[in-house]
Structures are given as C-alpha cells and as structure tokens.
*Asks:* 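Dropping a structure here in structure tokens format, bear with me for questions.
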Amino acid sequence: MARLSLDHVTKSFANFEAVKDVSIDVADGEFLAVLGPSGCGKTTLLRLVAGFEKVTSGEIRIGSDVVSSSVGSVAPEKRRVGIVFQNYALWPHMTVAENIGYSLKVAKLDKTVARQKVEDALALVNLQGLGQRRPANLSGGQRQRVALARCLVAAPSLVLFDEPLANLDVHLRASMEDEFAAFHKRTGTTIVYITHDQAEAMSLADRIAVMDHGRVAQLATPRELYHEPANEMVASFVSQGILLPADVLTGEDGGHCKVRALGTELVVRCRPGERPRAGAKICCRSADLDVSPHGPGFDGLVKRVIYQGGAARIEFTPAAGPDLTLHFEQPDPVTLESGAQARLRIRSGWLIPVGTAS
Amino acid sequence: MPTRVRESRGQEMVLTAAVAVVIVLLSLLPMLRLIKEIVAPGGTLSTVAIAAGLRSPATWIATWHTLVVGIGGTLLAVLSGTLVAVLVSLTDIRGRSALVLCYVMPLMIAPQVTALAWLQLFGPASPFLKLFGAAPPLGTKNPLYSTSGIILLLGIQYGPLVFLLVRAGLRKLPRELVEAARAGGAGWFPVLVTIVLPLMTPSIMAAAALAFVSCVGNFGIPAFLGIPANYLVLPTLIYQKLAGGGPAVLGETAFLSALIGVIAMAGILAQEVMSRRRDYRISSTSLPAEPYELGRWRPIVQACMWLLIVLVLFLPLFGLVLTSLVPGYGIALTAKTVTLDNYRFVLFEHDAANRAFFNSFWLSIAAAFFAVVVAVPVGYLIAWGRQRWVRLLNLAVELPYALPGVVLAIASLLLFLRPIPLTGIQLYNTVWIILYAYLARFLVLALRPTISGYHQIDRALEEAAQVAGAGLFTRMRTIIFPLVAPAAIAGGLLIFMTALSELTVSALLWSSGSETIGVVMFSFEQGGDSNYAAAMSVITVAVTFVLMLVTNLLAPYLPSGVLPWRD
Ligand SMILES: Nc1ncnc2c1ncn2[C@@H]1O[C@H](COP(=O)(O)OP(=O)(O)OP(=O)(O)O)[C@@H](O)[C@H]1O
Ligand SMILES: [Mg+2]
C-alpha cells in the first residue's frame, strides 16, 4: 500500500505535450479514477506512473521514493506496481497458471509457495480450476480476470488499470465492476483506474481526476464533480451538463447567489465569495429543468422528443438563446411535441467559478 | 441479362484458365516429370532408380555432408540473425537503417561471389593479406576449403534471411506483453528469454526452415569451397555427375535431386511441428515496445555491430576488389602492379565472358518482365479471388522456389531432353531451357510483393470501376495494374538482381553458347583464374548496388517489407 504523488509532471513526445503539468496526490488505499475524452493523455499518465515512459519534467513518487524525475527513473520492474491492460496482454505461450505465477517465478519464489499463491489468486477472481487452460480458450471476461489475478499475485503496493472493462459487454462490465470494488475493499490497495466511462468512474472511485488535453481539469469526489464542476469543460463533460450564459446579480450569501439567465432571474449555488459580474456561466443538470406552463420561466421551441420508455428526452431551444440546446426528461405522460412552444423553469444550478476555465 | 452474365463470367474464366496454364507449365509439369523419372523410369513403375541411388556410397556421403552443412549453416544463421534482430529491434542502438542495409546486403550478393570474396581474403594469394605481409606461404591450404568454412559462409549468407523474418515478427510484438512482464518484476534479460523469444518461436522456426532449405540447396558456396577439398554435398555431387556423364546419368541425378527435395521438405515439416506445439498467436495489436536503453553499453554494442558488418561485408568485398586489380595469382598489389586488365579481359576479350554478360542480362530482363506481367493476374486471383483452390495455386507457385534450385534444374532437363512433342522444338542445350527454369523459379519473387500490394489496396477502387461498366480486362489494365505496379515492378527488380549472377540452375543447364555470368565465373575460378572471376564479381555487385539505388526510388509507393534492405 503506498501513496502516489505526481508533482508538476509533464510529458512531451517530440514537440507534442501529451501530459501537461499534472499534480495529483493519491492517498494510501485510495481509489482514484482518471476520466477524460479519448486522446487526453490518460494512458500516457498511467505509463508514466508504471515507468514505461520517462517524464519530461516534474516528479513522481511512490510511497516515499522518487521513482521518476527529469534526472532519472526507476525501472518498471523495480517499482512493485501492478498493471492491468485494456487488451489484457496475457502471454499466449503460457497457461493461465503460468501467466499468473510469472512474477513469482521471476522473483525466484519457492515453487510450492508460488503454486499456493497462484491458487489463491485464481480463487480470488473466481477462476478455480482453469489454471491449465490457455488464454486463447478463455472468454473476454475470464481473460480480464486472469489479468487481474496476474497483477494481484505479487501483492503490489499500487495497481494501475487502463480501461480494463472497455472490451467487455455491458453485462459483464457491471459484474466486473462489483468485483473491482470488492477487491479494493478487501485489500485496501491504492488504485489508479483509467476509464472513459463516467458511470464506472462515479461508482468505483473515491475521487476522480478529469483530464482534458493533457491537463487535470478537476480532481474531486464524484459528488463534487457532479454538483460543483470547477470549469466549463468538466461541467459539460460530466453527465452532459447544460451550460448557460448568465450575469451574476448579487454576491454570495449562504452558498447561493442570484443570477439572470435566459432573461429570467434565479438563485443558484456558488462558491463562497462570489461577487456580481457579467459574462458568467451556470451549469444545470437536466433534473434541474421542468415544464412550467404558467409560472415564471422562459419560452422556447421543442426541437425533438425522443421517447425512451417511461420518459422522453426533450431537446429544447430557448427563444432568448436560439443557438443553445437544453435537454431534459419528461416522465409519462409526455405532453410535449416536437415543434410546439413551451415554457421551462430552471429550479437550480451551479455558478461556474471564475478563472479556472479550461 | 443472361448474355451479360455470360460475358462477365467469360473474362474471369479466361483469366483463370490462363493463370492455370501458366502454373501447370511452370510448376506442376516439371515436378511431375521429376517424380515420374524416379518412380517409373522408362515408363513402367519400378524401384530400380531408387535402389541404385541408395546403393551408392557417394549418395550417403553427400547426404551426410548436406545435412552437416545444412544444419550447421542454419544454426549459425539463426543465432546471428536473431541476435542482430533483437539488438536492432529492441534496443536504442543508433544508425539503425544503415546497419540493416549493410547487414542485409550479403543476401543480395550471389553465394558464389560471397565464396569467392572470402577465398580471396584468406588464401595464400590474398592481396589483402599481402598488404600487411601476412599472407601464408604459397601452397598453404586455404582454411575455408573445409566443412567449417562452408558452414561459416552459409551462416553469413543466410543470417540476413533469419534477421528479416525475426525482425518482422518483433515489430508486431505488442508492447503490453513486454510491459506486463516488466511490471511483474522481470528485468530486460528475463523478459527476453521468457517472453520475447518464446513468442518469436514461429518467426524463428519459419526463418530456420527457410535458412535450412537455402543451405541444403546452396550450390555456389559448396562448389567453390567444397569441390577443391573433395567435400561433396548433394548439389555439387549432382553437378559433378552431370558434368562427367551427361544425359546418361540423368536418372541417377533425378533421384539425388529428389533426395534434396525430401531433405528440404523435412526441414519445413519439422518447423510446422515445432510451431504447432504451443499457442503463439498474438491477438492484439499495439505499438512496439520502447527500446531498451543500453546506457554505457551502447557504444560497445554499436562498435561490435559495425565490426561484424566490416567482417561480413566490407572486408570480403574489399578483398574481391583487390584481387580484381592484380594481374595474376599471388601477385601483391602495389602502385606498379595495379591494373584494370582483368576488367578489360572479361568485358571485351574473352568470348564466353562476353556471351555470359549478354545472356545473363537478357535472361534476367526477360524473367523479370515475364514475372511482373504474370504476377498481376495471378496475384489478383490469390489476393482477391473467391475460389477456394487459390491457396493451392499459391502453393504451386511457391514450390519451385521453395525447393532447392537443383531440383528444378534437373526437372527442366528431364522435361526438355527430347524435343517438345508435336512441335519438335528443341530446348535442351539452348539458352531457352535456362529461361524456362528462371521463369518457373523466380515468379514467386514478384508474386509475393504483388500480393501484399493487393492487400493494401481498397477493393472498392476496383468495384467503383466495375460499377462504371469496366470489364475485368479493362479494370486490370486501367485500374489494377497501375495500383499494384510499384510492388510488382519492385519484385521484378529483385528478380533481375537475383537472376543476374545466378549459378545453381544455370550450372546444370548451360551449354556452349548459353553461358551465364555465374557459370563463367565458376569456370574461371576452377581454372585458377580468380582474378577474372573477381573482376566479373565486382561488376555484378556494382550492377546490383546501382539497381538497389534505383529500386529505392520506388520505395514510397511500396508496401513495407518489399525491399528487404530498407528498414
Ligand atoms: N509514443 C507516442 N508518441 C507520440 N505521441 C503519442 C505517443 N503516445 C501517445 N501519444 C499521443 O499523446 C496523446 C495522448 O495519448 P493517450 O494514449 O495517453 O490518450 P488516452 O487518453 O489514453 O486516449 P484513449 O482514451 O483513446 O485511450 C495522443 O494525442 C497520442 O497521439
Ligand atoms: Mg488510452
């Protein structure tokens, strides 16, 4: 079990910066998810931690040891880091048991002890009795479990996952997710888990680092990420937040302030110390919107109604902002029709803080 | 409608039929003729030929020698080729493309030229050793006239072959497989031994099989190094028998050549068995692993690599050039003795050498041209054809090249010893029989790049032309040929380079008037005129170099891997 800290880590390939000035502290035993759109540098970050890539500048520490810095770096085999790859990376020329026992063999562990550990690891991932199979004769989910067992058998202090569930079907994902969670609870290993699936990140992680173009856009708990995004990128990336231009009318008071958006005034949550300003943005969730035919609100046009069983997803263009699209769900009975005029109300929202725009 | 259907079917049928005829003529016919000679000499089934062959002690000795040099040469080639491939592919060694170019070069040089170059380097007459006054006294035996000499040169000749296949395999090794092992605590060397090399087993085995077939079928090296020491392998035994006995001993040599074929096949089968023993299929694709940092070892490893290259390439070629510049056997090269007479002699004065240059050039051009023209439709059927028998087709084209050249030469002799039925045309004792053998043997060299060219082309391009109303032949001419032409032509150039100084086939098929460069070189060397042989070798090597440069111009349009010397 070890703490992992990245301190102003930058990684350039030729003259392209894949990871820019990233600082993250992962506490001992924490489950950190790294979330971000494709190509934002997640895998590169992971490979830096594992030692497969060298940092261009900055420093990485595992426990109390500096493992990577611009001066030099500890070889991957000396880091005691476990890694699970998206494509499993099982060795086809070895049996399942040989795959799992590889690191024990390399460490020249006593054969009987090693065999016991392999058995235990197989049991841990519910693959008892499959030790003599070849990886080619396993299903995708089983392969992923073998990969997990292989990385766990050496009891690494830090386990890295690179989109481990991306190649599995939805059904298997859910059950593997449960297994990862159970594994984390049982062993308390520090985990860095890369994914581009938000639900996965939310349900598994203690904290989530959202990455964008090589930078950490926000590092926070799932709840905070959802309710209090630090910038527009996070606001729109997480759960498809809706961004609306707004003017702040009053200063912060008890965590709230008054803003004007789409021609109506409303009260939104905000950070302490917010002051009145123009050109701000608020973020609302589809749950914050509802239809209010007669009350306060703003008018607009229903563009599309997509019935999804039990509720419909409505896409709506406000008259005050013709290039904006708001979406929300209306539960049955669905009354809105595409092409119709409607009046909406924003119940609540979050004022995006100033100065942290991505 | 039915007429339209018939029309479009018709063109495909014509194409298929034409290809089938070519394959039958060039591949199946000679092989069948050879088999017939062995199992049914004179037309009736009998084991006489086999029994006679088995009874002769020369057969057994030559077979034993063939196995010894075949296995020895293969081992050396596999060890050196794999080592170089690992160093070049997995470490951060510098100057990679220059290294690859130089290391692969011996593959482009004919074996007998390699043999000659090395002989010139170490013999008592060596102008190179004389430069330092280090030449052994005249009359000393050249150390290369020995089993180990043959094995050494075979290893040097075919190490690059192994290198190319193993390097291609290493390039496809996904980095995660290496990284998972490193994360598991394995250092670089354990990863190499437990992960990389085992996963490379199929490549290494395939390379070993190819090297083995090449070693047992090689004629040039055992001819130059073995015959003087009376150390005969099967190809040289066949050569001696034919040279001494003419057509009368053809039956006997047919058996011997089939024996080589069987040995070569055994090597290929052994490879199949070895690669099947485990599962080595790599399913994922990814980037190749980061090169291993040699650190302070890098200068040393680099120096060793270049030393190796100096030893296997530059030094022998240098020796060859020196020999071609001295006026006669055993004369030291000085400012006074240096002369271009040898070149003048082989280029302008010696009749047979003149004819040889002429013959070899047009034979190579004809073989290359024919192969390019045939490779396009054959490649079309193999790469894009829907018929199931196309795999057999591919096999049939590979056969004459996969089997040692001696086998094809003997088969051609058997086939054309008598005039062709009905026409009365006589190919035996003419240059045409050599052309026939070249066409059969080298077709696959143009076919392989063409097929990989087809695999790179989006089939939709052809289909678009089809929708536009172009028939098969029109599409071939206007769409398909221009698209695969670079690959096919590069294949043609490879054929030209290979055929230009070819010896194995022409040594058995030549007759007075139809000498090839290889044959004349060989007879110069046998007659003790190494200086003339060296001059001819230098000329062919120079032509090969120039052609390689020309072919390089095509490189941007070629699928990777077509030009072996380009990394
Ligand atoms: N070895 C390399 N050389 C050059 N550029 C690289 C290299 N590896 C990654 N990159 C670039 O760095 C950027 C980040 O890549 P990375 O693989 O970390 O993305 P990712 O967030 O993991 O994306 P995905 O979700 O698609 O896996 C990409 O633009 C990629 O092209
Ligand atoms: Mg990735």
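Below, each value reflects all heavy atoms present in this structure, side chains not excepted, and no hydrogens, waters or symmetry copies. Reminder, nothing fancy here: chain letters follow the sequence lines and each chain counts from 1. For clarity, every value in this text was computed on a predicted model and none was experimentally measured.
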*Asks:* What part of A/Glu53 is in contact with chain B, defined as an atom under 4.5 angstrom from a non-hydrogen atom: side chain, backbone, both or neither?
*Replies:* side chain
*Asks:* Would the number of heavy atoms belonging to other residues, nucleotides or ligands and lying under 6.0 Å from NZ of A/Lys54 be above 12?
*Replies:* no
*Asks:* Atom CZ of residue position A/Phe13 - does it have more than 12 heavy atoms of other residues, nucleotides or ligands inside 6.0 Å?
*Replies:*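 More than 12 within 6.0 Å, yes.
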*Asks:* Taking all non-hydrogen atoms of both residues, which atom of B/Ala180 and which atom of A/Arg150 are closest, and how far apart?
*Replies:* CB-NH2, 3.3 Å
*Asks:* How long is the straight-line distance from CD1 of A/Ile83 back to CZ of B/Arg182, given to the nearest 0.5 Å?
*Replies:* 12.0 Å
*Asks:* Below 4.5 Å from any heavy atom of chain B, which atoms of A/Phe85 appear? Answer side chain, backbone, both or neither.
*Replies:*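 The side chain, not the backbone.
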*Asks:* So which residues of residues 100-112 of chain A are in contact with chain B at a heavy-atom cut-off of under 4.5 Å?
*Replies:* A/Tyr102, A/Ser103, A/Val106
*Asks:* Write out, in numerical order, the residues from residues 186-203 of chain B with a heavy atom short of 4.5 Å from a heavy atom in chain A.
*Replies:* B/Ala186, B/Gly187, B/Trp188, B/Pro190, B/Val191, B/Thr194, B/Ile195, B/Pro198, B/Leu199
*Asks:* Quick one: of B/Arg175, B/Glu293, B/Glu179, who has the most non-hydrogen atom pairs under 4.5 Å with chain A?
*Replies:* B/Glu179
*Asks:* Contact part of A/Arg79 toward chain B, heavy-atom cut-off under 4.5 Å: side chain, backbone, both or neither?
*Replies:*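 Interface part for A/Arg79: neither.
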*Asks:* Taking all non-hydrogen atoms of both residues into account, name the closest pair between A/Leu90 and B/Leu177 and its distance.
*Replies:*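 That closest heavy-atom pairing would be O-CD2, 3.4 Å.
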*Asks:* Would a 4.5 Å heavy-atom cut-off, applied to side chains only, mark B/Glu176 and A/Tyr88 as touching?
*Replies:* no
*Asks:* Got more than 12 heavy atoms from elsewhere within 6.0 Å of CZ, B/Arg296?
*Replies:*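 For B/Arg296, atom CZ is not crowded (no more than 12 foreign heavy atoms under 6.0 Å).
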